[in-house]
Amino acid sequence: MNYLVIMAGGQGTRFWPVSTAECPKQFLDVLGTGRTLLQLTADRMRGIVPPENVWVVTSARYRDLVAAQLPEVPAGQVLLEPCGRNTAPCICYASWKIKKRDPRANIIVSPSDHIVGDEPAFRKCVADALEFAAETDGIVTLGIKPSRPETGYGYIRADLRYSSGRKAGIYRVDAFKEKPEPAVAERYMAEGGYFWNAGIFIWSVSTIINAFRVYAPAISRQFESLLPYYDTDEEQARIDEIYPQCENISIDYAVMEKADEVFVLPAEFGWSDMGTWSSLRERLPQDARGNAVVCAEADFYDTSNCIVHATGLKKIVVQGLDGYIVAEKDGTLMICKLSEEQRIKLFH
């Protein structure tokens, strides 16, 4: 049986003032589609994972947001982190919970705030990876074929000389690379064999549990020790007690970079991690001068390459700007150069 684990605990405020710590970007309709990023993440798995097999790991402060946006997910499958400890502890927690219910489970782990343009292509990749993971002890990650020398993503280097004997189009991972400097990113593009790390993983529950036992034994022991308490009234209190003791570490550092049987499935399905206003603008329809609008009516005069995102204003008029963000929510208006958006965190 297939399961989906959505990681939705991040306090993403890069889209301030639209996103805040109280309601980060995964709970917002940033694209103006009528569905939040969290809902879109669950939607694209339909036909692969039944709704009753969806799990969400999130901060305790976002429990009500998850319940309101994904009412089909049973309350017992919304796992509440008392504090942030990066991706390894949250994946280990969900894996042990699922293993207790279904020792033969196959699991897809996905961030909650990414965008996929070609959903049929995405589902085909996931289905192929699930088939491979179910038949092997392999850990599979989806690698996005780079379209530019991006410095904002980590990279996966693959050995493309030999495809896996079990599944064509899946290759062994040689190395994981940190976010590169521009010259290094250019070299990755020129050499080939490098893919953006999308942070989407597919494995059997037995494979990931064994990997945690070998490569992150302290984390594994902490969650394995709670087996008698899972699905009982004591579970949350026990989680609240042990979670702050967990190492603050990503799944990449804890497991992926250490494990032997790690594979990548190179993919092209219009992926974006939606980490910046610039990446959001690229995903939106634009007028002839590169301007994009969400949730508002806007008139542009002598204006190019801007993004307007407003929920509380009926109409916005922009004149004489090039490469700006104009964002409004609940009476707060921000106007900022797209090239300076890394400074947004200073504004709030």
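All residue numbers in this chain count up from 1 along the given sequence.
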Please report, to 0.1 Å, the donor-acceptor pairs under 3.5 Å made by any side chain of residues 180-194, with sequence neighbours excluded.
unit_1	atom_1	unit_2	atom_2	d
Arg187	NH1	Glu191	OE2	3.2

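- Within the 3.5 Å criterion, the main-chain N or O of Thr36 finds a donor-acceptor partner in the side chain of Gln39.
- Side-chain atoms of Arg85 come within 3.5 Å of backbone atoms of Pro244 as a donor-acceptor pair (strictly under, hydrogens ignored).
- The shortest non-hydrogen separation linking Glu224 to Arg213 is OE2-NH2, 3.0 Å.
- Under the 4.5 Å side-chain heavy-atom criterion for ILVMFWY residues, no single connected hydrophobic cluster contains both Ile107 and Ile200.
- In this structure, the side-chain hydrogen bond (donor to acceptor under 3.5 Å, both in side chains) partners of Thr207, at least two apart in sequence or on a different chain, are Ser204.
- In terms of the salt bridge (charged side-chain N to carboxylate O under 4.0 Å, His left out) criterion, Glu52 has no residue partners (sequence neighbours excluded).
- Each salt bridge (Lys or Arg N to Asp or Glu O under 4.0 Å) pair with one or both residues in residues 87-97, not counting sequence neighbours, appears once here: Lys97-Asp231, Lys97-Glu235.
- Not counting sequence neighbours, the partners of Glu261 by the side-chain hydrogen bond (donor to acceptor under 3.5 Å, both in side chains) test are Arg172.
- Looking only at distances, no side-chain donor or acceptor of Trp271 sits under 3.5 Å from a matching main-chain atom of Asp118.
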Please test Ile249 against Asn86 for side chain to side chain contact (heavy atoms under 4.5 Å, CB included), starting from the C-alpha separation and ending with a verdict. CA-CA 5 Å; Ile249 188 170; Asn86 217 312; 5.5 Å; no

Given the rule in the side chain to side chain contact (heavy atoms under 4.5 Å, CB included) test, do Ile316 and Val318 qualify, once you have shown the distances and angles that lead to the verdict? CA-CA 7 Å; Ile316 296 175; Val318 183; 3.8 Å; yes

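- Evaluation of the side-chain hydrogen bond (donor to acceptor under 3.5 Å, both in side chains) rule for Asp240 yields Gln236 as partners, not counting sequence neighbours.
- Both Phe212 and Leu79 are assigned to one and the same hydrophobic cluster, defined by single-linkage of ILVMFWY side chains at heavy-atom distances under 4.5 Å.
- Among all heavy-atom pairs drawn from Asn2 and Ile48, the shortest one is ND2-O, 3.3 Å.
- A donor-acceptor pair is defined here as one N or O able to donate and one able to accept, closer than 3.5 Å; no such pair exists between the side chain of Glu247 and the backbone of Ile219.
- Judged by distance alone, with hydrogens and angles left aside, the side-chain atoms of Thr58 form no donor-acceptor pair with the main-chain N or O of Leu80 at under 3.5 Å.
- Note that CD1 of Ile98 and NZ of Lys100 are 13.5 Å apart. Values are rounded to the nearest 0.5 Å.
- Taking Arg157 as the reference, nothing meets the salt bridge (charged side-chain N to carboxylate O under 4.0 Å, His left out) condition, with sequence neighbours excluded.
- What you find for Gln11 and Ala21 is that their closest heavy atoms are OE1-CB, 4.3 Å.
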Side chain to side chain contact (heavy atoms under 4.5 Å, CB included) assessment of Ile239 paired with Leu226: CA-CA 8 Å; Ile239 287 293; Leu226 299 188; 3.5 Å; yes

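- Salt bridge present: Arg161 and Asp159 bring a charged side-chain N and a carboxylate O closer than 4.0 Å.
- With Trp203 as reference, Val109 is the one residue of Ile209, Asn106, Val262, Val109 to meet the side chain to side chain contact (heavy atoms under 4.5 Å, CB included) rule.
- Considering only residues two or more places apart in sequence or on other chains, Tyr324 meets the ring pair (Phe, Tyr, Trp, His ring centres under 6.0 Å) condition with none of them.
- Tyr155 and Phe195 fall into different hydrophobic clusters, defined by Ile, Leu, Val, Met, Phe, Trp and Tyr side-chain heavy atoms under 4.5 Å apart, directly or through other members.
- Closest non-hydrogen pair, Asp29 versus Gly34, comes out as OD2-N, 2.8 Å.
- Considering all non-hydrogen atoms of both residues, Val49 and Ile108 come closest at CG2-CD1, 3.7 Å.
- Residues passing the salt bridge (charged side-chain N to carboxylate O under 4.0 Å, His left out) test with Glu119 are Arg123, sequence neighbours excluded.
- A single hydrophobic cluster is seen to contain both Val5 and Trp96, as judged by linkage of ILVMFWY side chains at heavy-atom distances under 4.5 Å, directly or through other members.
- Taken together through direct or relayed side-chain contacts under 4.5 Å among Ile, Leu, Val, Met, Phe, Trp and Tyr, Val73 and Trp55 form parts of separate hydrophobic clusters.
- Residues Cys90 and Glu81 come closest through the heavy atom pair CB-OE2, 3.4 Å.
- Residue pairs meeting the salt bridge (Lys or Arg N to Asp or Glu O under 4.0 Å) criterion with at least one partner in residues 320-343, sequence neighbours excluded, are Glu340-Arg343.
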Could you walk me through whether Arg35 and Asp43 pass the side chain to side chain contact (heavy atoms under 4.5 Å, CB included) check? CA-CA 9 Å; Arg35 301 288 282 174; Asp43 291 349; 2.8 Å; yes

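- Judged by distance alone, the side chain of Asp302 and the main-chain N or O of Gln319 form no donor-acceptor pair under 3.5 Å.
- Using cut-offs of 30° and 60° on the angle between ring planes, the pair Tyr243 and Phe223 is perpendicular.
- Judged purely by atom type and a 3.5 angstrom limit, Glu268 has no side-chain atom pairing as donor or acceptor with the backbone of Lys145.
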Cut-off 3.5 Å, no hydrogens considered: what does the side-chain donor-acceptor table look like for residues 250-257, sequence neighbours left out?
unit_1	atom_1	unit_2	atom_2	d
Ser250	OG	Asp252	N	3.4
Ser250	OG	Tyr253	N	3.2
Asp252	OD2	Asn197	ND2	3.2
Tyr253	OH	Glu178	OE1	3.4
Tyr253	OH	Glu178	OE2	2.6

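- Rounded to the nearest 0.5 angstrom, Met334 CE and Ile344 CD1 are separated by 4.0 Å.
- When hydrophobic side chains of Ile, Leu, Val, Met, Phe, Trp and Tyr are connected at separations under 4.5 Å, Val317 ends up clustered with Tyr301.
- A donor-acceptor contact shorter than 3.5 Å links the side chain of Thr232 to the backbone of Tyr229.
- Looking at Arg281, its side chain does come within 3.5 Å of a backbone N or O of Gly290 through a donor-acceptor pair.
- With hydrogens and angles ignored, the 3.5 Å screen pairs a side-chain donor or acceptor of Arg283 with a backbone N or O of Gly270.
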